[in-house]
Novice: 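Let me begin by handing over the structure; questions about it come next.
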Amino acid sequence: MPATPLEVENLSAGYGPTRVLEGVSFSVPAGARLAVLGRNGMGKTTLLATLAGQTRRYDGRIVLGETDVTALPSASRAWHGLGFVPQARCVFPTLTVEENLFVGLKGRPKSALQEAYGMFPRLYERRRNLGSQLSGGEQQMLSTARSILGRPSVLLLDEPLEGLAPVICEELMKAFAELAKTGDMTILLVEQRIQSALDFADQVIVLERGRIAWSGTPDSLSKDHAAVERLLGVGGLH
Amino acid sequence: MSTIFEVRSLKRSFGGLAVTNNVSLAMAPGDRVALIGPNGAGKTTFVNLVTGNLTPDSGDVLIGGESVTRIDATGRVRRGLVRSFQVTRLFQEMTPAEHVALAVLQRDGRAGRMFGHFLAMPEVMAEVAELLGKLGLSELMHRRVSEIAYGQQRLLEIAVALALKPRVLLLDEPAAGVPQSDTGRIEQALADLPADLAVLMIEHDMDLVFRFAKRVIVLAAGTIIFDGSPSDVTKDPRVREAYLGSYANAGHAA
Amino acid sequence: MQTVFSIAVDALAYGMVLFVISIGLSVTMGLMRVVNLAHGAFAMIGGYIASYAARDLGLGYGFAVLLAVFGTIVIAVPIERLLYRRIYGAPELTQVLMTIGITFCIIGIANYVFGPTLKTVPLPPALQGSVDLGFRSIATHRIFAIGCGLGVAVALWYLIEKTAFGVKLRAAVDNAAMAAALGVRTEIVYAVSFAVAVGLAALGGVVGAELLPVEPYYALRYMVTFLVVVSVGGAGSIPGALVACLLLGGIDTAGRYLVPEFGEFFFYLAVIAIVCVFPRGLAGRAGQ
Amino acid sequence: MTMATMSDALAGAQGKGRRRGRDLAGLAVILGLAVVGYLLFPNNLALLTRMTAIALLVLSLDLVTGYCGVATLGHAALFGTGAYASGIAAVHFGITDPLLMLACGILGGAVAGLVCGVVILRAHGLPQLVLSIALIHLFHEFANKASSWTGGSDGLAGIAPDPLLGYFEFDLWGRTAYVLGIILLALVFALLRLVVRSPFGMLCRGVKEDPIRIRAMGASPKLALMKMYVISGAVAGAGGALNAISTQVVGLDSLSFTLSAESLVMLVLGGTGSLFGALTGTIVFMFFEDVVSAANPFHWLTMVGALLIAVVLFAPKGLYGTVADLAAGRRRAGR
Amino acid sequence: DTIKIGVIGPFSGPFALQGKNFKAGIDAYMALNGSKVGDDDLEIIYRDVPQPDPAQSKGLAQELVVKEGVQYLAGFYFTPDAMAVTPLLEQANVPLVIMNAATSAIVTKSPLVVRTSFTLWQTSTPIAQVAKDAGVSKVISVVSDYGPGVDAENAFKKGFEAAGGQIVEAIRMPLATNDFSPIMQRVKDSGAEGLFAFLPSGPTTLGFVKAFNENGLKDAGIKFFAPGDLTQESDLPALGEAALGIQTTFHYAVSHDSPENKAFVEAAGKAIGNPAELSFPSVGAYDGMHVIYKMIEATGGEQDAGKAVDAVKGLSWTSPRGPVSIDPESRHITQNIYLREVAKAEDGSYYNKEIATFEKQGDPGLAALK
Ligand SMILES: Nc1ncnc2c1ncn2[C@@H]1O[C@H](COP(=O)(O)OP(=O)(O)OP(=O)(O)O)[C@@H](O)[C@H]1O
Ligand SMILES: Nc1ncnc2c1ncn2[C@@H]1O[C@H](COP(=O)(O)OP(=O)(O)OP(=O)(O)O)[C@@H](O)[C@H]1O
Ligand SMILES: [Mg+2]
Ligand SMILES: [Mg+2]
């Protein structure tokens, strides 16, 4: 287990001619829980997608564990231990739930599917349904479960709670915390519900127009009312 | 109180799974109702049945006392029943201004006109600008939807629904994916709605639900297990167990 | 009654030949979502190779078939790397443009190299002649084609529905970026699928050569037939394609027998009727 | 909010100016090209006239494919019906005034559009493509069968249009036909510009992207598509009639799958979803074909194939579409 | 001076073989007779119309006349393409020499049209007598459902009924038929003793003949009659064994035994590259060139279409196919029609063996038109 499973240096990325990220650098220790916050359209999704190798990178370096994955395609990054749960869920619509999960197994035996079903019993009930037939929340569960099955060392979560019932959210956050605590997994979380994110995280970075505008611990952010007001647009946190 | 919108024992199942199981409810003008329930409870299906995107196995849907069960989706929209989509459905190649303009023109029965351009129609543009301004999308109004962030697309989804000036508005998770900083805009937009409009909102963000709703309906496994005031819902043990979890304890409703 | 049986036998034989030739297209079009109008061109290449091997080199039939399948794959792989890779996920019309362009080129080259005359693949003695079914006789090579069709159907169905490769392929087609993010090496998956599809095309070209003789314009002449069969079946569905081939083969055969002068009407009206009843094809994959 | 409204109004006004400029530019380009064509190829006006007729077909295809997302490989049905309508009117009913023949063609095309629309709009995607293929074969077969009216595979010969306006003869050099064609094309183009950016055009673009969303707005996608199909039929019919008038023969090829497929290729080559794209595609394809097939009548097909491949590789949005995109990108970067 | 001749034909696409034969015939004629007439050099300009397309054909003809300044138009494989050009001739002052298109009516469309090929009436009428003479009295007719097929059917029917035979059934099948088994089943069920068939030369004939054999019709002793398109020489290597014994009537067989033909086949074989590709359009083109040469001689290279055409009315000569002449009235070629049977040569190749001759046949189709 390397000391820093993920290190990002001076990353710039965007879409075609539009640059969205500018010189983002950070690194996270093993087992860390990093919350990435920011207002609408500030580049959170872009950051995660770039780490996963899905957007155009202009500049910078991404190191995953011991490997520099900057030049590697998305699939290779996955084999180097990166897991990605995108904001748009991206369930495979013509595959059944079971087949969807199967894709995420990354060569592990089929029995490992039970882990996912244990985490979300609802998926077990719907395992023969096609991805396109699932409800919004069920899709979200599937997308998350699918990535976790591959045992990533770094898990990128883009708004994994969206559309989930409060009970499920609670359980899911607990499960994430558990995964991080055992030290096997480092988690980057993008979340709109700031309080949930801060409750979960042990580190926070805040993006503002594609740059890191603030970083620190959740506690210090809660106290920095000015930053919260300016960067997150919310009156204050409890 | 008159009813503007009514559903009578609606049923629909998918291959043996009863997703909507004998659901009945009625709404009056001005109602602000939240429909909540566990994932997969059948909320979206309910909306699809009501708007005509799915056909029910049995049951009736009435708008303003008129049965629309046999009328297709467009007919229901023309009668004032408008919805937003849980997963945004927008025209990726078009701009927010075009979306709203299209809705406005369609509402006024002018969307079939074969001459002129909406940018050159001041009354349309005024409405477009106002609505987009209200939802904070003014700056993006001439960008392509494929280029704007997801949260902003969610806001646009709502703008389109509002532009149709509905009598009954069904919102499927309007705030999902919208950052906290912007949920305020949604709330403000909803608050500005005409008082006689009936709104049914599906939402998992309980803070929003409790600020918005005067009445809460809880759907579980296709049946309504609770229909009452927000303050009562947190006390209902079934709802707490199936849905709210510890949220009920936190006392947000108060 | 005899007539009915007779028509049924002809329909089965014709439908199976159609199936063998067009199933590769169902793979490219339904599973890889590439409207591959060059399918016929690959079938034709297979036919040419087999014809050359069997007629000019004097190799055995079985050997010629193998050579055709693998030879075509060898020819197709660079085309996949250089050209097809650019149009995965592109709008359908762009794919149409590219694959028609490829077809034109292949036709031109075939015309230049082999000349415009018909080429046949001589059958081995075992496949020549007819088999007596009691009430009528049927050409042996047609029975061979039926056998090939069934074999291909089962093997392909198993590959796509039951193996890890099939799942990964379908995932990659649904959402290539997401599949890649989950560690699926989409390029390899696509290349292998393409090779399978092209190999099937070549096999079909050889097995069907008795019915659809090989000549340069082959590549376009039967394109419509392939397209119709695959789409009516529901692109990407092996059972769907099988049913469609048998059904359309049956309609075509019956139409030509009963009302030959309106055969074309009969066939295309039936196609319209089927599509109107099954707007996604007989077994269209949901969610498409 | 006032700020927003003001700047938007400004953007609107600017956009309006730019659009009108582009309309005029479009017309100017057509007429300019027409004059250039006339001067450069005074001896090849028949080709230019045929290009004009096919351009009408491709424009009409663009209306349903580019603007409405209807996949069709059977669009020649509308073109051919127009051609036969005006040809039959001339041969069997003695309607030999070119403008009346044109009207017959437009009417015939519109009716064919209605028929095709009713059938084709019943499915989506590939099955839709198959419906269109089936339709074009039915039309073709029907014309083949009705040989006492259509001349069958020998073609409907003996169409002898009167002089245009009683004065301009349709002669060997084809000047009259050419001028008639260009005027027709310019007129149609101007009308279509109006249609495609009207609210109706916007509605159709919406239908193309997401019919369910359109229905949730209370509009009927089917109705919009039907309307567009009829308009498209009228345009294609005009092209067919022009062909009948200038060639004086109508063959089964005008109702063929080949012509349908070729027109689709031209459209995609130029770029779908833009009238300029349709024109560009037609001109480039037909011109290229003419040049290479004259240079090597035996092996030119390979060259055309190579052109199509090259376009996909280097101009994936079609020739016009890609250039327009580049220009837009530059404009945005400039701003 | 240089005299230009514009040749329009299918040089690419599905009928490329026939276009190639046009060119082979023309090249052969020029190789044997020089590429000069009097003092004038000849230049042949080829234009491609891959499939029937009257608009394109007309456009190209116009371009050839107006831009290239051709004095003669020739070629034309398809009827509609030729039809489209006829209205131009008078004004252009250009004769049209048709080297293939085989519908009777074309020559009536303009007095400037001369045809050196054949019509389906011409080639299909004699076989009716052959069938009758073979002792067949009940025949089923199966033709492709398009102009030439209908012509062939009518011609055969007229001839056969006149000879006292009976057509038990006349089937017209779609051009795009791939599987002929059901048709053969119909033939079997009809109780006919003989089959008359017409399909355009090319890939479908192979399936048709094979289906005839595989469905046991040959074994059942049903006789197969057809005009020669069905067994064109370039298809014979593919048809092979299956075609053995089929009787056809046609105006030309590559195997025709005469010194003129020997010279022609050698020259044309060289021109086409692969002699196995040689087929009947080459001879139409060859004789078409002969007619054009005569026209040029008569006009001394001046452009005078009327004079040119008048000069060849009644012209007779010995073509590779045998003695031929241009009928002064119809301007269509009068020629021998041969009865041939597919036979196997000593070297294992297949050929059309001429076994009888019907001399000096005109076009009965023109009479039928009136
Ligand atoms: N495909 C694209 N093409 C061009 N610009 C894009 C594209 N996707 C996103 N953008 C732009 O990039 C910026 C950042 O978008 P991103 O999706 O990363 O934001 P985000 O922080 O995740 O927002 P949200 O909270 O709404 O999900 C936005 O301004 C958006 O307009
Ligand atoms: N076409 C279908 N075929 C089979 N099952 C379906 C289909 N559509 C929906 N379902 C099932 O019906 C159930 C209800 O789905 P629905 O989308 O209505 O849930 P929901 O209440 O909106 O949930 P969420 O809050 O997660 O969005 C789900 O379990 C879903 O899997
Ligand atoms: Mg985001
Ligand atoms: Mg839902």
Side-chain angles (χ1 to χ4, degrees), chain C residues 29-30 35 37-38 82-83 86-87 90-109 111-112 116 216-217 220 223-225 227-232 234-236 261-265 267-282 284 288, chain D residues 65-66 69 71 73-74 118-142 144-145 257-258 261-262 264-269 271-273 281 296 298-318 321:
Chain C
M29 223 156 62
V35 183
L37 297 189
L82 291 176
L83 301 179
R86 307 287 200 91
I87 53 168
E92 285 162 11
L93 291 179
T94 309
Q95 299 174 339
V96 165
L97 199 65
M98 165 80 96
T99 54
I100 281 210
I102 294 175
T103 311
F104 282 177
C105 286
I106 293 180
I107 289 180
I109 294 170
N111 199 358
Y112 187 76
Y217 207 67
L220 280 182
M223 200 57 239
V224 166
T225 315
L227 255 182
V228 168
V229 169
V230 167
S231 315
V232 166
E261 36 281 90
F262 294 99
E264 205 93 318
F265 278 101
F267 182 75
Y268 284 109
L269 279 177
V271 167
I272 291 182
I274 295 174
V275 174
C276 287
V277 178
F278 300 94
R280 288 152 172 260
L282 292 173
Q288 254 178 40
Chain D
T65 301
L73 272 172
V118 167
V119 176
I120 288 182
L121 298 178
R122 298 190 71 96
H124 293 285
L126 273 183
Q128 186 173 54
L129 209 63
V130 167
L131 282 181
S132 71
I133 293 175
L135 264 181
I136 186 71
H137 280 99
L138 287 180
F139 271 73
H140 186 273
E141 200 48 29
F142 182 77
N144 184 25
K145 283 275 176 217
F257 172 78
T258 315
E262 218 165 65
L264 189 68
V265 165
M266 291 187 227
L267 174 61
V268 184
L269 184 75
T272 53
N296 184 346
F298 304 93
H299 298 295
W300 59 274
L301 200 61
T302 321
M303 299 292 294
V304 173
L307 170 75
L308 302 188
I309 294 174
V311 166
V312 174
L313 292 184
F314 303 112
K317 291 196 166 173

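So you know, we letter chains A, B, ... as the sequences are listed, proteins then strands, and number each from 1. Reckoned from all heavy atoms, side chains included, excluding hydrogens, waters and symmetry mates.
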Novice: Do the non-hydrogen side-chain atoms of C/Leu37 and C/Leu227 ever get within less than 4.5 Å of each other?
Specialist: yes

Novice: Would you mind checking which part of D/Leu264 comes under 4.5 Å of any heavy atom in chain C, side chain (CB onward), backbone (N, CA, C, O), both or neither?
Specialist: side chain

Novice: Can you tell me which portion of D/Thr258 sits under 4.5 Å from chain C's heavy atoms? Options are side chain, backbone, both or neither.
Specialist: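 D/Thr258 has no heavy atom closer than 4.5 Å to chain C.
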
Novice: If we define contacts as heavy-atom pairs under 4.5 Å, which of C/Val271, C/Asn111, C/Ile106, C/Leu83 has the most with chain D?
Specialist: C/Leu83

Novice: Hey, which of C/Gly108, C/Cys105, C/Pro91, C/Ala90 has the most heavy atom pairs under 4.5 Å with chain D?
Specialist: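 Greatest number of close heavy-atom pairs with chain D: C/Cys105.
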
Novice: By a 4.5 Å heavy-atom criterion (distance strictly below it), what part of C/Leu220 contacts chain D: side chain, backbone, both, or neither?
Specialist: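 Neither part.
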
Novice: Which residue pairs pass the salt bridge (Lys or Arg N to Asp or Glu O under 4.0 Å) test when at least one of the two sits in residues 129-139 of chain D, sequence neighbours left out?
Specialist: none

Novice: Can you list everything that forms a side chain to side chain contact (heavy atoms under 4.5 Å, CB included) with D/Glu141? Sequence neighbours excluded, please.
Specialist: C/Glu264, C/Phe265, D/Asn144, D/Lys145, E/Asp145

Novice: Quick one: closest heavy-atom pair of D/Phe257 and D/Leu73, and the distance?
Specialist: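 In this case the closest contact between D/Phe257 and D/Leu73 is CD1-O, 3.7 Å.
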
Novice: Flag the pair C/Val35 / C/Thr99 as yes when at least one side-chain heavy-atom distance between them is below 4.5 Å, and no otherwise.
Specialist: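 No, too far: nothing below the 4.5 Å cut-off.
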
Novice: Looking at C/Ile87, C/Val230, C/Ile102, C/Val96, which one has more heavy-atom pairs under 4.5 Å with chain D than the rest?
Specialist: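 Most heavy-atom pairs within the cutoff with chain D belong to C/Ile102.
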
Novice: Hey, are the side chains of C/Met98 and D/Leu308 touching, using non-hydrogen atoms and a 4.5 Å cut-off?
Specialist: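 No, their side chains stay 4.5 Å or more apart.
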
Novice: Could you report the tightest heavy-atom contact between D/Leu269 and D/Gly281, atom names first, then the distance?
Specialist: CD2-O, 3.9 Å

Novice: Given heavy-atom pairs under 4.5 angstrom as the criterion, report whether the side chain, backbone, both or neither of D/Phe142 touches chain C.
Specialist: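 Both backbone and side chain.
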
Novice: Quick one: what part of C/Ile272 sits under 4.5 Å from any heavy atom of chain D, side chain, backbone, both or neither?
Specialist: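 For C/Ile272, backbone and side chain are both near chain D.
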
Novice: Picking from D/Ala123, D/Pro127, D/Ala306, which has the most non-hydrogen pairs under 4.5 angstrom with chain C?
Specialist: D/Pro127

Novice: For C/Val228, which atoms come within 4.5 Å of any heavy atom of chain D: side chain, backbone, both, or neither?
Specialist: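 For C/Val228, heavy atoms of backbone and side chain both lie under 4.5 Å from chain D.
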
Novice: Side-chain contact, heavy-atom cut-off 4.5 Å: D/Leu313 with C/Arg86?
Specialist: yes

Novice: Can you say whether C/Gln95 sits under 4.5 Å from chain D via the side chain, the backbone, both, or neither, judging by heavy atoms?
Specialist: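 C/Gln95 has no heavy atom closer than 4.5 Å to chain D.
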
